[in-house]
Structures are given as structure tokens and as C-alpha cells.
Amino acid sequence: MNDQILVVNCGSSSVKMAVFNRSGESLASALAEKIGQSDARLVPEGGDTVALPPNADHRQSLIAGIQWLQDNGHLGKAPLAIGHRVVHGGEAFHQAALLNNKVIRAIEDCASLAPLHNPVNLAGIEATMELFPRVPQVAVFDTAFHQTLPRHAWLYPVPKRFYNDWGVRRYGFHGTSHQYVAEEAARRLDKPAETASVISAHLGNGCSITAIRDGRSVDTSMGLTPLEGLVMGTRSGDVDPGLFDFLASKGISPEDTHGILNRESGLLGLSGTTSDMRNLLKAARNGDRDCQDAFEVFCFRLARYIGAMMVSLDNLDALVFTGGIGENSSEVRARTVAHLALPGFRIDPDSNNDHGQARNGAISASDSRFPILVIPTREEAMIARQAVALATGEADPNQSQNH
Ligand code: ADP
């Protein structure tokens, strides 16, 4: 019996495709990148890069990627199920959903909240529906896990009509990753996921932090859009909203300010040279003052948010670091935790340096008040798991109760 699950993750200029089996093992993957550009290409894991038709769009790139996976024996004639990452599910989706016309319309309705993301997610869905009309397909939303936030955590203190008329509120993102690492932390600590309280810091190109109480998201740093919260690669995170008006007085339009805060700020804005933490750390070690500043602001603001997340918890089983930076940068973890001596977080330098590998992910010192863990995120495996559970009608044995 075919037990392959195809996971599709359409980003603004890339499409990630991954094949899993029912046990959640990754069998193959490929990344189509530079979509819409003259040098669009497919980078298969462990294979040679293949040129895509110049200016290939998401649909063409995805179809070419799937064809490559099939031609190279990584994907059979049709998978058992297909899971799509969908960025914004608004208030309509509290969990993953089996795709049908009604669900597709609801995703289209959320597009005004995520104009850069939902339309490309839908392009991916349409392409795979055309290729595999009989295969059950599932949408897994970045926002769904955060639908359990209490009202006081998701309402913004602006005129209520903005929420009533337009749905202006905190939604939160990276939900699949936060849910996965919280469940994995509970497993490693030998606790049922439904009783675990975790602060999870997802630090990649985008960064967000979530407080999880009894397996449910109760506060998170990203908001209406993925711009709010922590310092990120090119996104500013929190700034004074008065900045828009101030910059307008300098002749910079709100549209330009929006672009600057999304694409020219964060690590890139402060360093002036790079949005990539690896390069930034190298330059900082060589004495680059702007890169040192970017590193310090990143870690300070992250620590401040870890403190803020504690407000939503009455106990803490673990602080978890994940994402490319969280999993790999001992310097970021050490500097961040150094700001958190008062609440009692302490890191063990040797464990931190080997990313907790010798201690099942633990990097906390023996006198730390709370465990600190490094857990590699597995967003795609999580999407595959939810897709197969919904497609086959079998309950997901690992999924926490998130209704
Ligand atoms: P995305 O959000 O696009 O999935 P990732 O989770 O892969 O991104 O994270 C990318 C970030 O992780 C980049 O800033 C990169 O420099 C950083 N990173 C990866 N490896 C290391 C490392 N060894 N040390 C420091 N930062 C790293």
C-alpha cells in the first residue's frame, strides 16, 4: 500500500516539497527557489540542481518539482495524502482542515490578512489538486495553534471597531513549530503534552516566541501580521507605532515604511550588511561594531520577551530554543539567558556548546530554576502527521487537544 505523504510549503519566492512515510520519516525533499526570476531552479536534497523554466511561477515550479521526485523514484504515482502549509487561517480554523471548496473559499477570505502568503499557498493547492484530483489534501495553518489565546492576549488596545469590522487582532504564526517543540519537550520530560507548560522560542529568518500552558498556546509575540515581536533577519519586530508618523514627516510614505520594516530592518538594518546570523556572528567576532550591536539587541529583546511570556504561565516545564538560530547558535542562547538571571535561568556552557546533544537537548545548569532545551523543529513532519490523520480519518495519537 502506498504510504507516502507529500508536504508542500509555498513561500513568497520558494516552494519546499517533502515526502514522508506514515511513521513520520523524511524520504526525500526538494526546494524550488528564485521563483519568478530568470534563474529559477530546483535544488533536490542530495541531488544536482536543475534549472527551472525562466520566470517559472509557483504552479510551474511545484509541478516540475513533483515530476522530479517521481522521475527519481522518490514519489509513487500518487501519494496517500498531501499536506499544505497555509499561513493565515484567521478565526475560521482552530486546527488543520481537509480541503474542499468551502475550506478553499475560507482560505481565500483570509487573504486580505496575508496578501503575500495565502495566494501563493492557494496556487500550490490548486496545482496539486489538478495533478492528484483523487488524493485527500489537508491545509495546516500557521495561525491555528494560537486560536486558544485568551481574549486579553489577542485584543489590541485600539478602537474595538477595527476588530469588529476588519478582524484586527493578534493571530500569531509559526504555530506548527511551536506545537511540535512543545509536544517534543513534554515527551522528553516524560509528561503528557496536555499538562506541559513551555516557552518556545522559534528563531529562524522569522522569529517568534510562544507561551504554552497545558499544551495550549496562551500568548505569542507575532500579531496581526508576522512583523510584530522579536528582532528577525530583515523584520524589525516591535517598534514605536509613532515611527510611521515621524517618518512621514521626513517624506517617507507608509508603504515605504512598511517595506523598510519588513525587508530592511532587523539584523540587516542594524548590521547594514547581513540578515544571516552566521555571517553576523563571524563579523561581530572580528570586531564589526554594527554586527555586535545587532547581536546585542537581538538577544536583549528575546530575553525581554521570555520574561513577558512568564506572565501567562503559573509554572514552567522548559524554555525551548528552536529554528536555525535557536538550534545552532550557542552564542545567542548564552547571551540571551545571561539576561535572565533574576528569574533563575542558568545555562551549562559545555552542554550549550554541543547544543545539548549529550543530554537529550538539555543545556541548563544543575542550579537553573527551569530546564532549558534545544529541540530541532520538524514543521514539515508535523504537517505530514496532521495530513495523514485527517486524510485517513485516524486520530493523530500525538496531537494535543487544540480545539
Ligand atoms: P527559515 O526561517 O527560513 O526556515 P532557518 O530556521 O533555517 O530559516 O534559520 C535561518 C537562520 O539560522 C539564519 O539566520 C542562519 O544564519 C541561522 N543559522 C543557521 N546555522 C547557524 C549557526 N551554525 N550559527 C548561527 N546561526 C545559524
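Computed from heavy atoms alone, side chains included, the values below leave out hydrogens, waters and symmetry copies. First listed ligand is number 1; within each ligand, the first listed atom is number 1. We number each residue from 1, following the sequence as shown.
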Which ligand 1 atoms are under 4.0 Å away from a heavy-atom of G204? 2 (O), 5 (P), 6 (O), 8 (O), 9 (O)
Counting heavy atoms only, name the option from D276, N328, T274 that's nearest to atom 15 (C) of ligand 1. D276
Below 3.5 angstrom, do we get any N/O pair linking G324 and ligand 1? yes
Subset of ligand 1 atoms that lie under 4.0 Å from at least one heavy atom of S329: 25 (C)
Measure from the side-chain N and O atoms of T274 to the backbone N and O of L280, and report whether any donor-acceptor pair falls under 3.5 Å. no
Could you check, using the six-membered ring where one of them is a Trp, whether F162 and Y156 have ring centers closer than 6.0 angstrom? no
Among all protein heavy atoms, pick out the one at the shortest distance from atom 14 (O) of ligand 1; state its residue, atom name and that distance to 0.1 Å. M277 N, 3.0 Å
If the plane angle is over 60° it's perpendicular, under 30° parallel, otherwise tilted; pick one for H339 and F300. perpendicular
Given L203, N205, I325, which one has a non-hydrogen atom that is nearest to atom 1 (P) of ligand 1? N205
I want to check a possible cation-pi pair here: R169 against W154, using under 6.0 Å from ring centre and within 45° of the ring axis as the test. yes
Closest protein heavy atom (residue, atom, distance) for atom 24 (N) of ligand 1: R278 CG, 3.7 Å
Measure from the ring center of F173 to the ring center of H88 and say whether it is less than 6.0 Å. yes
When you measure from atom 4 (O) of ligand 1 to every protein heavy atom, which one gives the shortest distance, and what is it? K16 NZ, 4.3 Å
In terms of side-chain geometry, is the basic nitrogen of R85 or E380 positioned less than 4.0 Å from the acidic oxygen of its partner? no
